[in-house]
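The structure appears below as structure tokens.
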Amino acid sequence: MVNKMMFVLLKQLVKKPATNPFPVKHAPANVTALIEKVQKGEVQINPPVPVPEGFRGKLVYDPERCIGCRLCIMVCPADAMEWIPELKKIRHYVSRCMFCALCVDVCPGKKFPGEEKAVKALRMSEEFLIADYDKYSDNLIEEPPEAKELFKKEVKEAAESEG
Ligand code: SF4
Ligand code: SF4
């Protein structure tokens, strides 16, 4: 005999699933092959659930707007910011960040001629797909482009001094 609960369960069986099949409906047997198919346009990726307004995703740093006040370093509870003394700018380690946005709140930013008000050098983006194999990959470090050259120079000098 079909009781009320069984009836509800049977009704659910014929309903459309409420899940969001991201990135594709079934887990791919071969991720590399899936990526190739997506690049060729043979497979469509289902987008993730949209983020709400004010979402705190990956932090983005604009060194052009940074006045080197170091307030973000002082306020960061996760020690995710590093001062680059040679450039008087900052380096941000996304892998250490806990997305609290305190640094964004405190950043005064810079006003360029012709602008009405200063624009912050830090902002939270909507990006959240930031998994990586290396916590020091370019994807997970925000810094001025010159900082990379400076780092390479320091590594080279250290290697030379070690002989
Ligand atoms: S969002 Fe929070 S944890 Fe991340 S760098 Fe800014 S202050 Fe630090
Ligand atoms: S990012 Fe903003 S708070 Fe941090 S040093 Fe630059 S201007 Fe100051």
Side-chain angles (χ1 to χ4, degrees), residues 17-28 30-32 34-36 38-39 43-162:
T19 44
N20 181 37
F22 172 75
V24 283
K25 196 168 177 185
H26 299 290
N30 182 333
V31 175
T32 314
L34 172 70
I35 292 170
E36 280 169 9
V38 170
Q39 283 167 344
V43 171
Q44 290 282 315
I45 292 279
N46 292 312
V49 175
V51 295
E53 201 184 335
F55 178 78
R56 300 199 299 256
K58 182 182 165 186
L59 190 72
V60 177
Y61 173 53
D62 178 0
E64 299 287 318
R65 296 277 183 186
C66 176
I67 58 168
C69 66
R70 303 174 69 166
L71 285 174
C72 53
I73 298 176
M74 281 186 249
V75 82
C76 178
D79 203 14
M81 299 288 195
E82 188 176 79
W83 180 239
I84 309 174
E86 297 90 338
L87 303 174
K88 298 205 170 4
K89 304 279 175 184
I90 59 140
R91 174 179 291 119
H92 169 62
Y93 293 95
V94 181
S95 59
R96 287 188 205 159
C97 182
M98 55 185 210
F99 307 89
C100 66
L102 287 175
C103 56
V104 178
D105 290 346
V106 84
C107 179
K110 187 173 178 175
K111 187 173 132 185
F112 285 129
E115 289 178 337
E116 267 185 29
K117 54 179 187 172
V119 175
K120 289 175 184 283
L122 296 168
R123 70 176 171 85
M124 307 302 292
S125 71
E126 293 188 346
E127 196 180 342
F128 62 89
L129 298 171
I130 54 175
D132 209 301
Y133 288 106
D134 178 7
K135 64 180 177 180
Y136 297 121
S137 82
D138 285 350
N139 181 36
L140 296 182
I141 296 201
E142 291 283 306
E143 62 185 353
E146 316 88 89
K148 293 205 192 308
E149 291 310 312
L150 199 71
F151 180 70
K152 277 189 216 156
K153 201 172 137 220
E154 279 169 16
V155 171
K156 199 174 156 210
E157 281 170 3
E160 282 169 359
S161 69
E162 279 172 17

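In this chain, residues are counted from 1 in sequence order. Order of appearance sets the numbers: ligands from 1, and atoms from 1 within every ligand.
- Protein N/O/S atoms found under 2.8 Å from atom 6 (Fe) of ligand 1, listed by chain and residue number: Cys103 SG.
- With sequence neighbours left out, the side chain to side chain contact (heavy atoms under 4.5 Å, CB included) criterion links Lys88 to Trp83.
- Applying the side-chain hydrogen bond (donor to acceptor under 3.5 Å, both in side chains) test to every pair with at least one member in residues 46-59, sequence neighbours left out, gives these pairs: Lys58-Asn139.
- Ligand 2 is never approached by Val106 to a heavy-atom distance shorter than 4.0 Å.
- For atom 3 (S) of ligand 2, the nearest non-hydrogen atom from the set Cys69, Gly109, Ala121 belongs to Cys69.
- Taken from SG in Cys97 to CG in Leu59, the straight-line distance is 5.5 Å, to the nearest 0.5 Å.
- Here the side chains of Ile141 and Phe151 are not in contact, with every heavy-atom distance at 4.5 Å or above.
- Nearest protein neighbour of atom 7 (S) of ligand 2, counting heavy atoms only, is Ile67 N, 3.4 Å.
- When non-hydrogen atoms are compared, ligand 2 lies under 4.0 Å from the backbone of Arg70 (N, CA, C, O) but not from its side chain.
- Closest heavy-atom contact between Leu122 and Cys72: CD1-CB, 3.8 Å.
- Residue contact annotation: Cys66 places no N/O/S atom under 2.8 Å from atom 2 (Fe) of ligand 2.
- Contact annotation: the side chain of Ile84 never approaches that of Glu146 to less than 4.5 Å [non-hydrogen atoms, C-beta and beyond].
- Legend: salt bridge (Lys or Arg N to Asp or Glu O under 4.0 Å) pairs involving residues 99-117, not counting sequence neighbours, sorted by first then second residue: Arg65-Glu115.
- Counting only heavy atoms of the protein, atom 2 (Fe) of ligand 2 lies nearest to Cys107 SG, 2.4 Å.
- Within a 6.0 Å radius of CD in Glu64, other residues, nucleotides and ligands contribute 12 heavy atoms or fewer.
- By the 6.0 Å contact criterion, NZ on Lys135 is open, its count of non-hydrogen atoms from other residues, nucleotides or ligands being 12 or less.
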